[in-house]
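Residue numbers start from 1 in every chain, and the chains themselves are labelled A, B, ... in the order their sequence lines are given, proteins ahead of strands.
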Number of protein chains: 2
Amino acid sequence: MEALETTLRTRKKAATRLSLHEAALRLAMERGLDGVTVEDIADEVGVSRRTFSNYFANKEDAVLHADRERTRALVALVEGRPAEEPPWQALRAAASELYRARQIPDPEWVAQLRLLRRHPSLLARQASDQFALERDLAAVLITRGHGLDDELARLMAATFLAAVRTGGVLWLESSGGQPLPDLVDRLLGRFQPR
Amino acid sequence: MEALETTLRTRKKAATRLSLHEAALRLAMERGLDGVTVEDIADEVGVSRRTFSNYFANKEDAVLHADRERTRALVALVEGRPAEEPPWQALRAAASELYRARQIPDPEWVAQLRLLRRHPSLLARQASDQFALERDLAAVLITRGHGLDDELARLMAATFLAAVRTGGVLWLESSGGQPLPDLVDRLLGRFQPR
DNA sequence: TTAATTCTTGCTCACTGTGCAAACTTGCAC
DNA sequence: GTGCAAGTTTGCACAGTGAGCAAGAATTAA
C-alpha cells in the first residue's frame, strides 16, 4: 500500500485536487454553497475554470471529495479485516478503525457534516457516492465468505452505510453530546443480522 | 381521504404536473436522460420552459415524481397501521400494502427502475428524496409509541428505506425472477434493528 | 536533447435555473 | 353575468454550468 507511484506529475495532480477540495469546502462554509461559483473556487486555487472541470464535475463533488475518500477507505478497511470474523462484526470493527485512524472530531469532517445539513443537493450527491460503493462493499463481503448470498450482502452493505450516515446526522443534531465513534458503534450494535 | 379539494384550478395543476412527469419519463426512456432537454419535455406537453420550472426544479425531479409520491404514500400507510403493531412489523405490513395497492409489476415503475440503473444522477435525486422522508417516517414511528427512542426510530427508518430501495435494485437485476413484493418482504424479514 | 505523453487553458456553445413583469385564467361574491 | 382578487403562464434577460476541441506548456522516458 506504500508503493504509491509518486512521480512529480502524480503528486501535483493530487495537490491540485486537494487544494480545489479545500477551497470549495472553505468558501462554501463562508458564503454558503450557493454563494460560491466554480470560478471562485478555481480562482482561489489559481487554476482556470476549465481545469476545475478536469478534476470535479461540479462544486458538490469538490466539496464531498474527502467524504468519498472516507467511504472508499471504509470499504478497504472491511476488506482488510480477518477472514474468520463474521460479516456484521467485520463491518462494525472497520467503522471503529476508520474513526480511530483520525482525530475525532476531525474539524474538516464536522464542517462537511454541517454543510450537508444545510444543503440538500449535497446530501443527494453523498448518497449517490455511497450507493456507488454499496456494490463494492457487497462484493467484498461476498469474497469474505461466511455463506453470504448476494441478496444478504447487498442488504447488509446498504444497511451498514445507512447506519453510518445516520450516525453522522444524529451526532450533529445532538451537537456532539457523545463521541461519534461510540454513537455509530451503538447504532451498529442494534441490528440483529440473521 | 376522498374529500380532495377539487377545483378546476387544482385539477389542471395536477394534470399538468402529471403530464410533465409522464413526458419526462417517456422521453428519457426513448433517448436516455441526457438526450432530453427541459425544453423537449415542455414542448411535448405544450407548455413553456418557464412553466416546467414552476413545477419541477429539473428533469430528474420530473422523472422521479411518481417515486417521490410512492414513498410519501408509504409513510402514510405506516401512519395508518394499527397502533398496537410493533414498529418493524408495521413497516413490513405497510410495504406489503403499498405493493398490493397497485398492479405488479407496474410498468411505469419498472421503467423508472430501469432508468435509475442507467443514470446515477437519478439515483442521487432519489436518495435525496428518501432522506427527506426519513425524518418524517421516524416521526411517525415515534408517535406510534412502543418505547422507541429517537435514535432507534431514525435507524429503523433509514434501514427500512434502504431495504426497500435495495429490493427494487435486486429485483431488477434478477430480471423479475420472483415477485417484487415477496423479495422486499423477505429482505425486511432478514435484517432488523431492535 | 528529443520525442511522446499528459495536463492546462481559452474559446465556444447549448443548456439550465431563476427573477421579473405583463398577460391571462380561475375563483368567488355580488 | 360582472368584476375584482388571487393564482398561473409566459417571454425575456442573465449569470452560471459542463463539455468538446485545439494550441501550447509541463513532465516523463529514451
Side-chain angles (χ1 to χ4, degrees), chain A residues 3-21 23-24 27-28 30-65 68 118-125 128-129, chain B residues 3-21 23-24 27-28 30-65 68 118-125 128-129:
Chain A
L4 300 165
E5 187 177 355
T6 176
T7 107
L8 172 58
R9 191 170 260 162
T10 327
R11 269 176 283 130
K12 268 196 166 179
K13 276 206 90 173
T16 304
R17 175 167 274 117
L18 186 60
S19 299
L20 285 171
H21 161 63
L27 290 179
E30 287 171 16
R31 323 182 191 163
L33 192 60
D34 305 337
V36 183
T37 69
V38 167
E39 191 151 23
D40 292 337
I41 302 171
D43 283 354
E44 189 82 4
V45 172
V47 298
S48 71
R49 181 167 78 87
R50 192 61 185 79
T51 292
F52 174 96
S53 284
N54 290 337
Y55 284 91
F56 298 107
N58 49 53
K59 21 177 185 170
E60 285 80 10
D61 270 18
V63 168
L64 290 176
H65 172 61
R68 220 176 357 263
R118 308 265 163 250
H119 293 284
S121 71
L122 282 180
L123 256 189
R125 293 278 164 184
S128 168
D129 295 342
Chain B
L4 300 166
E5 185 176 357
T6 176
T7 117
L8 172 58
R9 191 169 262 163
T10 327
R11 267 176 286 130
K12 267 195 165 179
K13 275 208 92 172
T16 304
R17 174 167 275 117
L18 186 60
S19 300
L20 284 171
H21 160 64
L27 290 180
E30 286 170 16
R31 321 182 193 164
L33 192 60
D34 305 338
V36 182
T37 70
V38 167
E39 191 151 22
D40 292 337
I41 302 171
D43 283 356
E44 189 83 4
V45 172
V47 103
S48 71
R49 182 169 77 87
R50 192 62 184 80
T51 292
F52 174 95
S53 285
N54 290 337
Y55 284 91
F56 298 107
N58 47 54
K59 19 174 186 170
E60 286 81 9
D61 270 19
V63 168
L64 291 176
H65 172 61
R68 218 176 358 262
R118 307 264 163 250
H119 294 283
S121 71
L122 282 180
L123 257 189
R125 293 278 165 184
S128 167
D129 295 342

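One distance of note links CD of B:Glu44 with CG of B:Leu27; it measures 4.5 Å at 0.5 Å rounding. A distance of 4.5 Å separates CG of B:Asp61 from CG of B:Asn58, quoted to the nearest 0.5 Å.
Backbone-only engagement by A:Asn58 is indicated by non-hydrogen atom pairs under 4.0 Å involving sugar-phosphate atoms exclusively.
Judged by a 6.0 Å distance limit and a 45° cone about the ring axis, B:Lys13 is positioned over the six-membered ring of B:Tyr55.
Of the two residues contacting DNA chain C, namely B:Glu60 and A:Gly46, the nearest-nucleotide position lying further toward the 5' end is that of A:Gly46.
Between D:dT10, D:dT17, C:dT26, one nucleotide has an atom nearer to the side chain of B:Lys12 than all others, and that is C:dT26. Side-chain proximity of B:Thr51 to D:dT28, D:dT17, D:dT10: nearest is D:dT10. When distances are taken from the side chain of A:Val38 to each of D:dG18, D:dT10, C:dC7, the shortest belongs to D:dG18.
The side-chain hydrogen bond (donor to acceptor under 3.5 Å, both in side chains) test applied to A:Glu39 returns no partner, not counting sequence neighbours.
Distances shown here put every side-chain N or O of A:Tyr55 at or beyond 4.0 Å from the OP1 or OP2 atom of C:dC7. Residue A:Lys13 has a polar side-chain atom (N or O) positioned under 4.0 Å from OP1 or OP2 of C:dC7.
Rounded to whole Å, atom C1' of D:dG16 lies 12 Å from atom CD1 of A:Ile41.
By the 6.0 Å contact criterion, CZ on B:Arg118 is open, its count of non-hydrogen atoms from other residues, nucleotides or ligands being 12 or less.
For B:His119 (side chain) and B:Leu33 (main-chain N/O), a donor-acceptor pair under 3.5 Å exists by modelled atom type.
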N/O-N/O pairs, protein side and nucleotides 19-25 of chain D side, under 3.5 Å:
| unit_1 | atom_1 | unit_2 | atom_2 | d |
| --- | --- | --- | --- | --- |
| D:dG20 | N7 | A:Arg50 | NH2 | 3.0 |
| D:dG20 | O6 | A:Arg50 | NE | 2.8 |

